Student: 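Mind having a look at this structure? Questions to follow.
Worth saying up front: this structure is predicted, and the values here are computed from it rather than measured. Chain letters run A, B, ... following the sequence lines, proteins first and then strands; every chain starts at 1.
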Protein chains: 2
Amino acid sequence: MLNQNNMLNQLKVVCSLCSLRELCLPIGFGPEELQQLDTLAGSKRLVKRGEYLFRTGSDFTSIYAIRGGFFKTSVLHDDGREHVTGFHMMGDIMGLDAISNEYHVCDAVALETSEICEIPFEKLSELSMIMPVLHQNLHRIMSREIAFDHEIMLMLGKMRAEERLAAFLLNLSQRFSARGYSAASFQLRMTREEIGSYLGLKLETVSRIFSKFQEEGLIAVQKKLIELKDANALKRLLGGLA
Amino acid sequence: MLNQNNMLNQLKVVCSLCSLRELCLPIGFGPEELQQLDTLAGSKRLVKRGEYLFRTGSDFTSIYAIRGGFFKTSVLHDDGREHVTGFHMMGDIMGLDAISNEYHVCDAVALETSEICEIPFEKLSELSMIMPVLHQNLHRIMSREIAFDHEIMLMLGKMRAEERLAAFLLNLSQRFSARGYSAASFQLRMTREEIGSYLGLKLETVSRIFSKFQEEGLIAVQKKLIELKDANALKRLLGGLA
DNA sequence: GACACATTATGACTTAGATCAAATCGTTTC
DNA sequence: GAAACGATTTGATCTAAGTCATAATGTGTC
């Protein structure tokens with residue numbers, strides 16, 4: 001069977017190379033340790049703006065951790081309509097929805113040149129058998145994705161357009177903030193059309209509501225640069241909704 | 001550490017008592033074997049119509065497999081609005097979205113008197129450490145839920161009301177069929193309002209579209225009894241959409 | 001079985017967001 | 001740097017679905 005030390009070594013490599021904070025940090029590596037390990041060579045790779053990381057129907061062999069950059073995942077339909085299922089940034093993991101099928105069920109496209117780490121799923125599974133915490137964390141990550149998707153379902157099913165945009169901006173803000181970037185000011189990596197597709201709105205509606213928020217002093221918009229001027233007002237807009 | 005035989009025994013008990021087809025069958029138990037084991041006593045339990053299996057905020061200790069009956073899961077908001085996140089029947093597993101939080105993030109209510117099996121998550125985790133296939137299957141189930149949620153997001157974000165109802169009816173039909181019940185005729189366990197909440201529509205809209213489908217000969221509706229008269233037409237209604 | 005309450009159906013009207021259209025602004029290409 | 005294309009903004013209309021109202025029907029309770 002597996003040699004535990006050998007496996008542990010691989011684990012370190014896999015983890016370190018991916019900045020898989022969610023998978024790795026709870027195991028006991030400190031940020032510095034991780035940084036050191038980070039300098040090792042490995043299966044990280046650049047994906048240029050507009051390039052596909054994977055496509056619907058392609059074989060599922062790996063999940064992907066984003067080291068840096070920005071992705072969208074989407075499903076494309078016969079009639080040409082695209083639905084954006086998510087936006088993903090540093091530390092996020094993509095491809096988990098493919099495990100059950102053995103092929104990918106969405107496209108993943110880089111919205112800016114990005115650095116990703118490919119984690120062969122089979123290897124991860126092996127490792128997680130001897131590293132209970134890794135195993136737990138994988139569950140936790142998948143579970144979190146399910147819970148988050150339920151929030152999006154709520155948004156799509158129950159919120160008005162303004163509420164969706166407010167929730168979207170606050171979510172982005174919170175995620176940038178959690179990664180050490182400014183919570184109040186950030187660059188949108190996606191077009192108005194992609195935002196609309198994600199939120200179940202048309203691009204014109206997105207544009208109009210950005211303008212409206214700006215008029216009301218809630219945000220400042222300069223093309224792709226968004227500044228949250230009154231995050232509390234945005235939160236109030238959400239009212240009782242999560 | 002763990003005694004493997006002891007664990008294996010527990011596995012058999014857990015599996016058998018739950019009819020956890022998805023978790024257990026691939027391991028190599030045949031249906032008959034499962035049936036036999038099924039007769040053992042264990043942590044199965046009845047949940048009466050209207051009773052909660054778990055509530056938002058309650059401690060997460062177990063996931064639940066449905067042996068028989070029908071549930072809805074929903075999130076309730078400060079302002080009293082409810083959003084139904086799913087309908088669940090025999091063989092489905094509920095509570096997976098709670099793993100990451102250690103408390104439940106939705107309510108689960110029985111829509112008819114149902115029999116469920118409680119699976120302590122800790123025990124399942126232990127077992128899955130020594131039963132790789134169990135472990136894999138858990139991943140697969142969670143992954144499938146993520147992929148399915150993405151389909152719902154597409155539905156809520158991109159489909160018109162009629163398309164949503166058609167997709168809803170076809171999905172129910174397919175699931176009943178997969179469990180050995182009629183694909184063409186089934187009893188709705190939920191109200192029009194709950195259907196509407198799930199699909200992001202108002203109950204009046206649901207009612208109107210049922211009437212319209214009936215006029216057009218696509219379905220026959222008698223209160224809660226639905227008969228699909230022309231499933232192909234319903235599929236055509238979905239057009240290019242999944 | 002009668003009362004109270006929940007669910008469903010249907011009509012009349014309103015509205016949020018879609019659609020269509022046009023102008024502006026930005027960015028990439030050669 | 002001019003041409004060509006894509007993204008964004010804004011306006012004018014349209015429409016699918018929501019809201020409000022009422023009646024009918026169904027269901028549970030004592």
Student: Is the shortest side-chain heavy-atom distance between A:Y181 and A:F186 below 4.5 Å?
Tutor: no

Student: Atom CG of A:L111 and atom P of D:dA7: how far apart are they, to the nearest Å?
Tutor: 12 Å

Student: Rounded to the nearest angstrom, tell me the gap between atom NZ in B:K48 and atom C1' in D:dG28.
Tutor: 15 Å

Student: Return each pair, listed once, that meets side-chain hydrogen bond (donor to acceptor under 3.5 Å, both in side chains) where at least one residue sits in residues 207-223 of chain A; pairs must be two or more places apart or across chains.
Tutor: A:E162-A:K212, A:K212-A:E216

Student: Can you pull the contact range of chain A along DNA chain C, 5' to 3', using atoms under 4.0 angstrom from its heavy atoms?
Tutor: C:dG17 to C:dT27

Student: Under a 3.5 Å distance rule, please check whether B:H83 uses its side chain to pair with a backbone N or O of B:S197 as donor and acceptor.
Tutor: yes

Student: Can a salt bridge be assigned to the pair B:E51 and B:R45 using a cut-off of 4.0 Å between side-chain N and carboxylate O?
Tutor: no

Student: Find the distance A:L165:CG to D:dT9:P and express it as a whole number of Å.
Tutor: 11 Å

Student: Would you compute the distance between atom CD of A:E194 and atom CG of A:L203 and round it to the nearest 0.5 angstrom?
Tutor: 11.0 Å

Student: With heavy atoms under 4.0 Å as the rule, sort B:K224 into base, sugar-phosphate or nothing.
Tutor: sugar-phosphate

Student: Measure CE/A:M190 against P/D:dT8 and give the value in whole Å, please.
Tutor: 11 Å

Student: In this structure, how many angstroms lie between the P atom of D:dA16 and the CG atom of B:L156, rounded?
Tutor: 19 Å

Student: If only atom types and distance count, is the side chain of A:D92 paired as donor or acceptor with the main-chain N or O of A:M89 below 3.5 Å?
Tutor: yes

Student: Name the residue from A:D97, A:T73, A:I152, A:V105 that meets the side-chain contact (heavy atoms from CB on, under 4.5 Å) definition with B:H150.
Tutor: A:D97

Student: By the 4.0 Å heavy-atom rule, please label A:S207 as base, sugar-phosphate, or nothing.
Tutor: base

Student: Expressed in angstrom and rounded to an integer, what is the separation of B:K212 atom NZ from D:dA17 atom C1'?
Tutor: 13 Å

Student: With the threshold set at under 4.0 Å for non-hydrogen atoms, list the residues of residues 192-206 of chain A touching DNA chain C in residue-number order.
Tutor: A:G200, A:L201, A:K202, A:E204, A:T205

Student: Check whether any side-chain heavy atom of B:L201 sits under 4.5 Å from a side-chain heavy atom of B:L165, and report yes or no.
Tutor: yes

Student: Rounded off to whole Å, could you give me the CZ-to-C1' distance for the A:F213 and D:dT8 pair?
Tutor: 17 Å

Student: Please answer whether the main-chain N or O of B:L156 pairs with a side-chain N or O of B:R164 as donor and acceptor at a distance below 3.5 Å.
Tutor: yes

